[in-house]
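So you know, we letter chains A, B, ... as the sequences are listed, proteins then strands, and number each from 1.
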There are 2 protein chains.
Amino acid sequence: MARDPHDQRGRPGFRVPDGDAGKVFPNFAVTVDCVLVVMDNGLPHVVLTKRQLDPFADEWGLPGGFKRVDETLDEAITRQLYEKAGIRLKVAPRQLGAFGNPNRDPRPNVVTVVFLALTRSAPKWFPGRNVTAVDMFPLDDVANGEVETAFDHRVLVEQARQAIADRLELEPLVIDLLPPAFTLSELCSVYESFWRVRLDQSNVRRALLRPSRPYLETTGERVSSSDRGRPPEIFRPTSNWREGPPPIRFPRGQSSLSSWD
Amino acid sequence: MARDPHDQRGRPGFRVPDGDAGKVFPNFAVTVDCVLVVMDNGLPHVVLTKRQLDPFADEWGLPGGFKRVDETLDEAITRQLYEKAGIRLKVAPRQLGAFGNPNRDPRPNVVTVVFLALTRSAPKWFPGRNVTAVDMFPLDDVANGEVETAFDHRVLVEQARQAIADRLELEPLVIDLLPPAFTLSELCSVYESFWRVRLDQSNVRRALLRPSRPYLETTGERVSSSDRGRPPEIFRPTSNWREGPPPIRFPRGQSSLSSWD
DNA sequence: CCAATAGTGTCTGTCAGACAATATTGC
DNA sequence: GCAATATTGTCTGACAGACACTATTGG
């Protein structure tokens with residue numbers, strides 16, 4: 001090792017606060033933001049808020065705000081969703097990542113923890129304090145930059161999409177993104193949206209209705225008013241969805257579209 | 001909706017700082033910790049440090065410390081690994097999660113961002129400021145609590161193991177955990193450690209040496225001094241590892257041991 | 001010789017992907 | 001009938017899992 005780790009040359013004026021017997025240096029503001037993904041009309045959407053004041057300057061951005069000292073991160077995001085957008089979620093948001101680049105937010109010393117939450121239908125919302133509007137936008141439009149968003153929120157949304165795509169293969173996430181009963185087409189389109197592939201519906205059907213381990217059971221009903229075409233059957237997930245391994249895996253043949261590159 | 005979102009009853013004295021035109025409330029100290037997983041002797045280990053001062057009270061814990069205002073989170077963890085443990089990593093740590101429970105750290109208002117880094121061999125280390133010792137321990141011993149660790153660091157290590165297990169199926173992570181050339185047994189044991197399953201080595205061989213898409217090529221060499229048994233061949237990964245889909249997937253038959261429960 | 005590990009070959013049932021053929025609806 | 005969608009059926013090659021068998025080493 002060429003250099004003594006205690007050697008602080010090249011870092012003029014540097015002093016390490018850590019280790020000072022319980023002392024704390026409260027230099028940071030911590031904010032929590034949420035990428036709230038809502039399935040609507042079979043397509044993933046993202047809920048954004050428009051805020052009046054700096055540094056948001058009337059741009060669409062992820063709902064969120066400052067964490068308080070006496071609450072956990074989970075409590076903070078739950079509270080912020082309600083205060084900024086009037087949204088009460090039934091599911092707990094999970095973390096997507098933390099961001100602490102000093103140049104990210106125009107304000108210095110801000111560290112942001114970004115959450116990800118999924119709901120199968122649009123929740124009720126309500127513009128909260130300093131929020132002029134709440135609305136949802138197709139996820140792809142936001143990820144592609146067709147909707148102008150503040151800071152790096154566009155990138156965060158794309159990261160959220162990728163995280164969901166990854167977890168679809170590892171967890172029974174799909175049924176959280178669908179109503180309690182649904183058609184095969186609806187189910188396929190969830191995978192197709194997040195994986196950006198086409199699935200053969202007849203093969204999906206076979207995988208899910210396999211007699212030895214059925215992941216779906218029919219409700220006996222059919223969709224009443226389909227615009228055109230044969231009205232599809234309506235299915236309900238069985239307990240195998242939550243207990244067994246996820247039945248649909250990312251198609252191996254079409255690798256170019258996915259995450260290993 | 002029964003309650004106006006602006007109604008603040010039940011939260012006496014509460015005031016929202018957000019939205020105040022660029023004002024920032026620096027209430028928090030931000031720390032970064034790293035779960036550094038090192039393959040040694042074919043087994044995953046974790047590097048821990050022992051610190052003198054409160055609140056670490058001579059317990060083993062993850063290396064880490066305070067983030068500074070003028071650096072990113074990535075820079076902070078890189079710096080802390082060097083200052084606390086003298087470790088220079090060749091790979092960038094990735095995030096595992098953020099923790100902000102007010103009761104987690106005995107010090108109030110601390111938010112911790114935990115990173116995860118992988119290396120294929122033990123790095124050089126050196127006890128840094130206020131650190132009395134640096135050492136590595138078998139990951140399983142730490143995750144099982146056989147090694148006494150500070151705060152919730154035991155849980156963080158177990159989360160790291162699960163995160164690696166998940167990513168093994170999605171990314172060419174294995175070759176980052178192995179030396180540039182290795183035997184089939186060594187490769188199998190990486191999967192086996194993180195997935196907690198047994199793989200049939202002959203089937204793994206077939207999957208990796210498939211003529212249509214070989215993931216391994218032989219170096220022509222063999223291990224010289226094997227304690228007993230036939231000396232194994234030494235392989236080198238081909239470019240297919242980084243370009244194609246990961247060739248080994250979690251075995252579906254043995255679901256009970258894994259992550260969907 | 002035995003124990004231990006590596007490597008080869010093979011069998012079998014399952015599965016993925018493609019796609020043809022039929023069914024049912026609105027127009 | 002036509003377009004569109006759903007559903008059933010089928011064919012084929014790939015693959016996973018199991019396992020028997022052979023090879024090569026140290027003792």
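- At whole-Å resolution of the value, CG in Leu216(A) and P in dT7(D) are 11 Å apart.
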- line: Given protein heavy atoms under 4.0 Å, the one-letter contact record of nucleotides 6-11 of chain C, with B base, S sugar-phosphate only and - none, is simply BSBBBB
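- Consecutive Watson-Crick or G-U pairs involving DNA chain C, each under 3.5 Å on both distances, make up stems of three or more pairs at C:1-27 with D:1-27.
- Every residue two or more places apart in sequence or in another chain was checked for a salt bridge (charged side-chain N to carboxylate O under 4.0 Å, His left out) with Arg206(B), and none qualifies.
- Taking atom CZ of Arg213(A) as the reference point, atom C1' of dC15(C) lies 15 Å away to the nearest angstrom.
- With sequence neighbours left out, Arg249(B) forms a side chain to side chain donor-acceptor pair (under 3.5 Å) with Glu169(A).
- What separates CD of Glu221(A) from P of dT25(C) is a distance of 15 Å, to the nearest Å.
- Partners of Asp74(B) under the salt bridge (charged side-chain N to carboxylate O under 4.0 Å, His left out) rule, at least two apart in sequence or in another chain, do not exist in this structure.
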Tell me which donor-acceptor pairs under 3.5 Å the side chains of residues 229-240 of chain B have, and how far apart each pair is, sequence neighbours excluded?
{"residue": "Glu233(B)", "atom": "OE2", "partner": "Thr218(B)", "partner atom": "OG1", "Å": "2.8"}
{"residue": "Arg236(B)", "atom": "NE", "partner": "Glu217(B)", "partner atom": "OE2", "Å": "3.1"}
{"residue": "Thr238(B)", "atom": "OG1", "partner": "Pro214(B)", "partner atom": "O", "Å": "2.8"}
{"residue": "Thr238(B)", "atom": "OG1", "partner": "Asn240(B)", "partner atom": "N", "Å": "3.2"}
{"residue": "Asn240(B)", "atom": "ND2", "partner": "Pro214(B)", "partner atom": "O", "Å": "2.6"}

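- Residue pairs meeting the ring pair (Phe, Tyr, Trp, His ring centres under 6.0 Å) criterion with at least one partner in residues 164-190 of chain B, sequence neighbours excluded, do not occur; the list is empty.
- dC19(D) atom C1' lies 15 Å from atom CZ of Arg198(B), rounded to whole Å.
- The salt bridge (charged side-chain N to carboxylate O under 4.0 Å, His left out) check on Glu148(B) picks up nothing, with sequence neighbours excluded.
- Between Arg242(B) and Asp176(B) there is a salt bridge, since a side-chain N of the basic residue sits under 4.0 Å from a carboxylate O of the acidic one.
- At dT5(D), one or more side-chain N or O atoms of Arg228(A) fall inside 4.0 Å of OP1 or OP2 (strictly under the cut-off).
- In this structure, Arg210(A) reaches the sugar-phosphate backbone alone: every heavy-atom distance under 4.0 Å involves primed, P, OP1 or OP2 atoms, never a base.
- Residue Ile248(B) contributes atom CD1, which lies 12 Å from atom P of dC15(D) at whole-angstrom precision.
- Going from atom CG of Leu199(A) over to atom C1' of dT7(D) covers 17 Å, rounded to whole Å.
- Applying the salt bridge (charged side-chain N to carboxylate O under 4.0 Å, His left out) criterion to Glu221(A), with sequence neighbours excluded, gives no partner residue.
- Rounding to whole angstrom units, CZ of residue Arg249(B) and P of dT14(C) are separated by 19 Å.
- Geometrically, Arg161(A) does not engage Phe194(A) in a cation-pi contact, judged by NZ or CZ lying under 6.0 Å from the ring centre and within 45° of the ring axis.
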